[in-house]
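Single-structure report; data block below.
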Amino acid sequence: MALLDIRNLSIDISTAQGKVRVIDKASLTIVDGSIHGLVGESGSGKSLIAKAILGLHNANWTVTADRMFLGATDLTKLSANDRRKIMGKEIAMIFQHPRSYLDPSKKIFSQIKEVLPTTSVKKLFLSKIKRVPEQSTQQRIKELLHKVGIQNDQTVLASYPHELSEGICQKVMIAMAIANNPSLIIADEPTTAMEAVTRAQIFRLLYKLNQLHSTTILLLSNNFGSISNLSDYITLIYSGQTVESGSYKQIINSPMHPYTEAMIKTILEFDESISHKSQLYTLPGNIPSANQLPIGCRLGPRCPRAQRSCVTNPEPLNFKGHVISCHFPTLDENQHANTSQRK
Ligand SMILES: Nc1ncnc2c1ncn2[C@@H]1O[C@H](COP(=O)(O)OP(=O)(O)OP(=O)(O)O)[C@@H](O)[C@H]1O
Ligand code: SF4
Ligand SMILES: [Mg+2]
């Protein structure tokens with residue numbers, strides 16, 4: 001079952017040069033309880049999609065979507081106020097550079113305390129009748145820290161963010177994110193600029209949260225290699241257009257889009273991950289800037305298979321949940337037969 005279902009999401013931003021369609025009919029379906037990787041080079045629109053999900057629109061954005069459901073709730077129909085309420089409870093976000101999101105003037109204890117859900121009146125009433133002692137704030141905070149693998153809780157709780165490493169700050173952010181038991185955590189490049197050991201620890205922690213508590217996780221990254229192994233499902237995005245989406249197996253074993261193929265080839269040949277903001281050597285050129293977007297399929301100027309028809313947007317093709325948007329995808333015989341029948 002889909003926890004989040006987004007179809008044809010577009011974001012137009014008004015700039016001094018006019019309106020720019022930064023996200024162009026992107027679709028994303030996230031299965032409940034899964035880890036879903038959203039992967040694309042820097043500037044492809046991952047963070048914009050996260051902001052659109054959270055309803056954090058700037059005044060100069062126009063956001064449209066054919067469908068945007070969180071469970072049974074139609075997010076497009078909610079008022080800004082109701083949207084904020086749902087988002088605070090159901091969806092939590094973890095960012096890159098966690099230290100810059102923590103308040104430098106407050107100790108960790110009070111920062112976590114601020115995000116703890118208040119005990120409901122009903123719970124308080126029951127604890128009084130049954131004489132079950134209400135768990136103290138201190139205990140609840142300690143439990144959260146233990147959940148994210150912080151053992152020396154006393155030291156961490158008494159510290160200011162600048163006294164802690166980037167890795168510990170990210171664990172604190174994750175503890176704050178899970179305080180409300182959200183159904184979805186969006187992790188936007190959660191390990192950028194971290195050392196390999198810390199990066200592995202954070203990914204292991206997110207994996208554990210998913211396995212033990214069935215928390216659904218949307219992992220945003222420009223680093224296909226580092227998150228693909230962790231992901232049950234993967235969506236690739238290029239310049240605001242979602243180009244291919246499917247299960248880990250479908251994407252790794254039978255990629256159909258030239259962009260996905262280039263991503264996988266880069267990783268296989270280098271046998272390592274692509275670092276932040278680096279180029280895909282298998283595709284010439286760079287991702288276009290927002291004010292120089294090609295018409296139709298935006299990969300066109302870099303694509304080895306591009307033909308004249310690529311100046312129109314390809315319609316998505318769906319092969320048992322493996323969705324591809326390309327006029328000339330790599331298909332096997334069955335898929336060929338399937339698409340010919342449709343035509
Ligand atoms: N507020 C804004 N106003 C105008 N253009 C914007 C704004 N925010 C983002 N963009 C443009 O939208 C595109 C997508 O940006 P976004 O930050 O979502 O990319 P990203 O995939 O998250 O990249 P990164 O991997 O570097 O975080 C970029 O071309 C960016 O310049
Ligand atoms: S639609 Fe054309 S330009 Fe786009 S990826 Fe496919 S072949 Fe390349
Ligand atoms: Mg980003």
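First listed ligand is number 1; within each ligand, the first listed atom is number 1. Owing to the predicted nature of the structure, the values given are computational and were not obtained by experimental measurement. The analysis underlying the following values was restricted to heavy atoms, covering all of them including side chains, and did not include hydrogens, waters or symmetry mates. Position 1 is the first residue of the sequence; numbering continues from there.
- Atom 8 (Fe) of ligand 2 has C303 SG, 2.3 Å as its closest protein atom, hydrogens excluded (heavy atom only).
- In this structure, T73 contributes its side chain and L75 its backbone to no donor-acceptor pair below 3.5 Å.
- In this structure, the side chain of K46 engages the main chain of E41 through a donor-acceptor pair within 3.5 Å.
- By the 6.0 Å and 45° rule, R67 stacks over the aromatic ring of F69.
- For the pair N58 (side chain) and N60 (backbone), a donor-acceptor distance under 3.5 Å is absent.
- For H97 and T192, the side-chain atoms include no donor-acceptor pair closer than 3.5 Å.
- For residue N222, no N/O/S atom approaches the Mg ion (ligand 3) to within less than 2.8 Å.
- Proximity to R305 (heavy-atom distance under 4.0 Å) selects the following atoms of ligand 2: 7 (S).
- Taking a cut-off of under 4.0 Å to the non-hydrogen atoms of E189, the atoms of ligand 1 that pass are 25 (O).
- The distance from atom NZ of K85 to atom CG of L78, rounded to the nearest 0.5 Å, is 10.5 Å.
- Annotation: S44 places an N or O atom under 3.5 Å from an N or O atom of ligand 1; distance criterion only.
- For a threshold of 3.5 Å applied to N or O pairs, the pair formed by G45 and ligand 1 contains at least one separation below that value.
- Scanning the protein heavy atoms around atom 2 (Fe) of ligand 2, the nearest turns out to be C310 SG, 2.3 Å.
- Ligand-side atoms of ligand 2 in range of F328: 7 (S), range being under 4.0 angstrom from any heavy atom.
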Legend entry - CA sep, side-chain torsions, deciding dist, call: H257, T330, side chain to side chain donor-acceptor pair (under 3.5 Å): CA-CA 7 Å; H257 196 282; T330 309; over 6 Å; no
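- The nearest non-hydrogen atom to atom 17 (O) of ligand 1, considering only S47, A50, A52, comes from S47.
- Ligand-side atoms of ligand 1 in range of G43: 13 (C), 14 (C), 19 (O), 20 (P), 21 (O), 23 (O), 24 (P), 26 (O), 28 (C), 29 (O), range being under 4.0 angstrom from any heavy atom.
- In terms of protein heavy atoms, atom 4 (Fe) of ligand 2 is closest to C297 SG, 2.3 Å.
- Among the atoms of H327, no N, O or S atom is found under 2.8 Å from atom 8 (Fe) of ligand 2.
- For G40, the heavy-atom gap to ligand 1 stays at 4.0 angstrom or more.
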Inset, instruction - Could you walk me through whether L28 and L218 pass side chain to side chain contact (heavy atoms under 4.5 Å, CB included), step by step? - result: CA-CA 10 Å; L28 186 65; L218 173 61; 4.1 Å; yes
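- Here C326 has heavy atoms under 4.0 Å from ligand 2 in both its backbone and its side chain.
- Between the CG atom in L209 and the CZ atom in R204 there is a gap of 13.0 Å [rounded to 0.5 Å].
- Any N or O atom pair closer than 3.5 Å counts here, and K46 shares at least one such pair with ligand 1.
- Under the side-chain hydrogen bond (donor to acceptor under 3.5 Å, both in side chains) test applied with Q201, the options K171, Q170, E195 reduce to a single match, K171.
- Side-chain contact of E244 with H322: a donor-acceptor pair under 3.5 Å is present, judged by distance alone.
- Within ligand 2, counting atoms from 1 as listed, the ones closer than 4.0 Å to a heavy atom of G300 are 3 (S).
- Applying the 4.0 Å criterion to heavy atoms of P258 picks out, from ligand 2, the atoms 5 (S).
- Residues L206 and V31 are members of separate hydrophobic clusters, defined by side-chain heavy-atom contacts under 4.5 angstrom among Ile, Leu, Val, Met, Phe, Trp and Tyr.
- Of the inter-residue distances, the one linking H36 atom NE2 with I30 atom CD1 reads 6.0 Å to the nearest 0.5 angstrom.
- Any N or O atom pair closer than 3.5 Å counts here, and S42 shares at least one such pair with ligand 1.
- By the criterion of a heavy-atom distance under 4.0 Å, both the backbone and the side chain of L48 are placed next to ligand 1.
- Ligand 1 lies within reach of I13, whose nearest heavy atom is under 4.0 Å from it.
- Ligand 2 lies within reach of H257, whose nearest heavy atom is under 4.0 Å from it.
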